Amino acid sequence: MRLFDRRIPVLETGAAWLLALLWLSPLLYAFWAAFHPAALATHFDPLSPLTLANFEKAWTYAPFARHFVNTVILVTMILAAQLVLCTLAGFAFARFDFAGRDIAFGLVLVQLMIMPEVLIVENYGTMARLGLVDTILGIGLPYMASAFGIFLLRQTFKTIPRELEDAARVEGCSMLGVLWRVYVPLARPTYLAYALVSVSYHWNNFLWPLVITNSVNTRPLTVGLAIFGAPESGVDWAVISAGTIMAVAPLLVAFLLFQRQFMQSFMQAGIK
Amino acid sequence: MRPSRFVGLANYAALGGDPIFWQVLKNNFWFAIGTIPSSIALAMLMALWVNDRLPARALVRMSYFTPTILPMIAVANLWLYFYTPQIGLLDKFAALFGFASHNWLGEPQTVMGCLVAMTIWKEAGFFMIFYLAALQSLPPELEEAAKIEGASRWYYFWRVTFPLLMPTTLFVLVNATINSFKLVDHLFILTKGGPDNASNLLLYYIYQVAFSFFDTAYAATLTMVLLLLLATLAIVQFQLIEKRVHYR
C-alpha cells in the first residue's frame, strides 16, 4: 500500500528534529545551568557535578515562597469569580430575553476585542479610586468579568437542546436549578478548557500586576522574577535559571501531563 | 489628584511633535514585519511536519508548543543569556567561527533583530496548532487523488494545501498583528526600550509615560492611538470570521 504512505523524507525528518531541539534548547540550557555550579554553567561536560545550591540561593535571595502564595491566591480568586460571573452572564445572554440584551452583549464583544492590558493607565486610576492599589484583589478585579468567558459559555449554552431544559422544568426544577443540573454539567469540557487558559494566562501575566503592586506581600511570581532576573540585580545566571525554572515548573509539569488538553484549550481560546 | 481641566486637542497635537512617538510606531511596524511572516511560515512548516507520519511526532509537537506556555518574563530571562556579550551563547558560538564579540542588545542595529528572533520562537508553536487543526480537517481523498495523479509533495502543497489553509492563514495573521502590539513584557528584562528607544514599542512607551514620567494625560492620549489601531484590527478580524462562514 505504498499509495497511502505518508512517511516524510529522511532529510525533512532530520530538519524537523533539529528544529524541535532548537526550540527546546533555551529551556534545556536553563535546566543545565540550574543544576550545575555557576562556574561550570557554560562547560558542557556531562560528568560535571550536579547541585541544588542554585535553587537554595534563589529561594533565599528572593521571597519566592511569598510570590508563589500570591500567584496561587490570585489565580484561584480570578478563576472562581470568573466561573460564577461568566456562568450567570452567559446563561442570561443565551436563554433570557430582557430589555437591552443586544446592547449589553455588544459591550461584551467590545471588551473581547480590547484586552485589559491596553488600559493599564485607566485601570490604575480606577483601582486608585477604589483604594485597591497594591492588593491582590486589585490585580484580579479587571479580569473577573471576563468577556471571553461570557462569550464562550453563551455559545456553549446555546448548543444545548432546549428540550432538556423543558423536561427539567416539567419535573419542577427552578431556573437556577436548571442551570446547575442541566447546563453546567453539559458544558464541562468548555469549563475545563476555559479554566486551563485562565490559569495559564494569569500565572504568566506580568504588565498589569507590575503596575498595580509595589510590595512583596502582593507581587506575583512573574513580577518577583522580573525584579530578581533584571541584569542590574547582579545575581549570577545559574541562580536566575534556577529561579526561572521554579516559577514555570508548576505550569510546565501540568502541560507535560495534559498536553493534548492544553493544546486544544489554547486553540479554542484563540478561535473564540 | 488635581481637578481636571479641558485642554481640547492639545494632547493630540503633542503627538505630532513627539519624536519618540513616531520612533515607537516605526519600531512597532518593523517588529510586526519581522515577526509575523516568519512565525506564520514556520508555524505552517511545523504543522505539516507534525501532521505527517514523523518518528517521535508527539515529542516534536511538544517541543514546538512548549514556548507558548512559558511567561514572557521567563522567556526573556532564558534568552538574555544568549545575547550577553562575551559570555553569552551567541557570542561563544560566533567566536567558534572567528567573529568578534558583539553587544547584541546594546546596539541599535541588532537589538530589534534579537527581539524578533525571540518572539518568533515564542509564537510559532502557538500558531502551529491552528494549522494542525486545519490540516486534520482536510479530506484525505484530496491527497489520495493527488498521489494517483503522480503529483509531487511540493506541487501538492502549493496547489492544494496552501490555498485550502488560506482562511487559517488570514486568521493567524490578524492574531499575530494584535500580538505584535501586545507583547512587551520581555522589554522589561532585555532592553527597557533602549538603546536610545531603538527597541521601544507602543505599549511599553505608554507604561513609561504613565509610570516613569507620570504624565497620565499624555499616556491616555497614547492609549487612544493604540485602541484605534486595535479597533481597526478587530473590524478586520470580524469580517474575516464572517468570511470563514462562507467557506463552510
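Chain letters run A, B, ... following the sequence lines, proteins first and then strands; every chain starts at 1. This is a predicted model, so every value here is computed, not measured.
Side chains of A:W23 and B:L42 form a contact here, defined as non-hydrogen atoms less than 4.5 Å apart. B:W49 is listed as a side-chain neighbour of A:L19, based on a closest heavy-atom distance under 4.5 Å. Between B:W121 and A:P26 there is a side-chain heavy-atom pair separated by less than 4.5 Å. Taking the side chain as every heavy atom from C-beta outward, B:L70 and A:L251 never approach each other to under 4.5 Å. A 4.5 Å side-chain heavy-atom check between B:T66 and A:L252 finds at least one atom pair inside the cut-off.
Residue contact with chain A, scored on non-hydrogen atoms closer than 4.5 Å, involves the backbone and the side chain of B:Y207 alike. Only the side chain of B:F211 comes within contact range of chain A, with heavy atoms under 4.5 Å apart. With a threshold of 4.5 angstrom between heavy atoms, B:V184 approaches chain A through side-chain atoms but not through N, CA, C or O. For A:A16, the parts lying under 4.5 angstrom from a heavy atom of chain B are both the backbone and the side chain. Looking at B:A76, neither its backbone nor its side chain comes within 4.5 Å of chain A, counting heavy atoms on both sides. Only the side chain of A:L256 comes within contact range of chain B, judged by heavy atoms closer than 4.5 Å. Within the 4.5 angstrom heavy-atom criterion, atoms from both the backbone and the side chain of A:A15 approach chain B. Only the side chain of B:L230 comes within contact range of chain A, with at least one heavy atom under 4.5 Å from a heavy atom of that chain. Heavy atoms of A:E122 lying under 4.5 Å from chain B belong exclusively to its side chain. Proximity to chain B is limited to the side chain of A:Q259, based on heavy atoms less than 4.5 angstrom apart. With a 4.5 Å cut-off on non-hydrogen atoms, A:Y124 touches chain B through its side chain but not through its backbone. Neither the backbone nor the side chain of B:L59 comes within contact range of chain A; no heavy atom of the residue lies under 4.5 Å from a heavy atom of that chain. Using a 4.5 Å cut-off between heavy atoms, A:T13 touches chain B through backbone and side chain atoms alike.
The local environment of CG in A:L257 is crowded, with over 12 non-hydrogen atoms from other residues, nucleotides or ligands closer than 6.0 Å. Taking a 6.0 Å sphere around CG of B:L96, one finds it holds more than 12 heavy atoms contributed by other residues, nucleotides or ligands.
Going from atom CE of B:M128 over to atom CE of A:M263 covers 5.5 Å, rounded to the nearest 0.5 Å. Expressed to the nearest 0.5 Å, how far CG of B:N77 lies from OG of A:S241 amounts to 8.0 Å. Considering CG of A:L22 and OH of B:Y64, their distance stands at 9.5 Å, rounded to 0.5 Å.
Nearest approach of B:A210 to A:V121, heavy atoms of both residues: CB-CG2, 3.6 Å. Taking both residues in full, the closest heavy atoms of A:W17 and B:A56 are given as NE1-CB, 4.3 Å, listed atom of the first, atom of the second, then distance. Across all non-hydrogen atoms, the minimal contact from A:L24 to B:S63 is CD2-OG, 3.6 Å. Smallest separation of non-hydrogen atoms from B:F130 and A:F266: CZ-O, 4.4 Å.
Counting heavy-atom pairs closer than 4.5 Å to chain B, the top residue among A:V118, A:V248, A:T222 is A:V118. Looking only at heavy-atom pairs under 4.5 Å with chain A, the residue among B:F181, B:Y204, B:F82 that has the most is B:F82.
Of all residues spanning residues 202-211 of chain A, those with a heavy atom less than 4.5 Å away from chain B's heavy atoms are A:N204, A:F206, A:L207, A:L210, A:V211, arranged by number.
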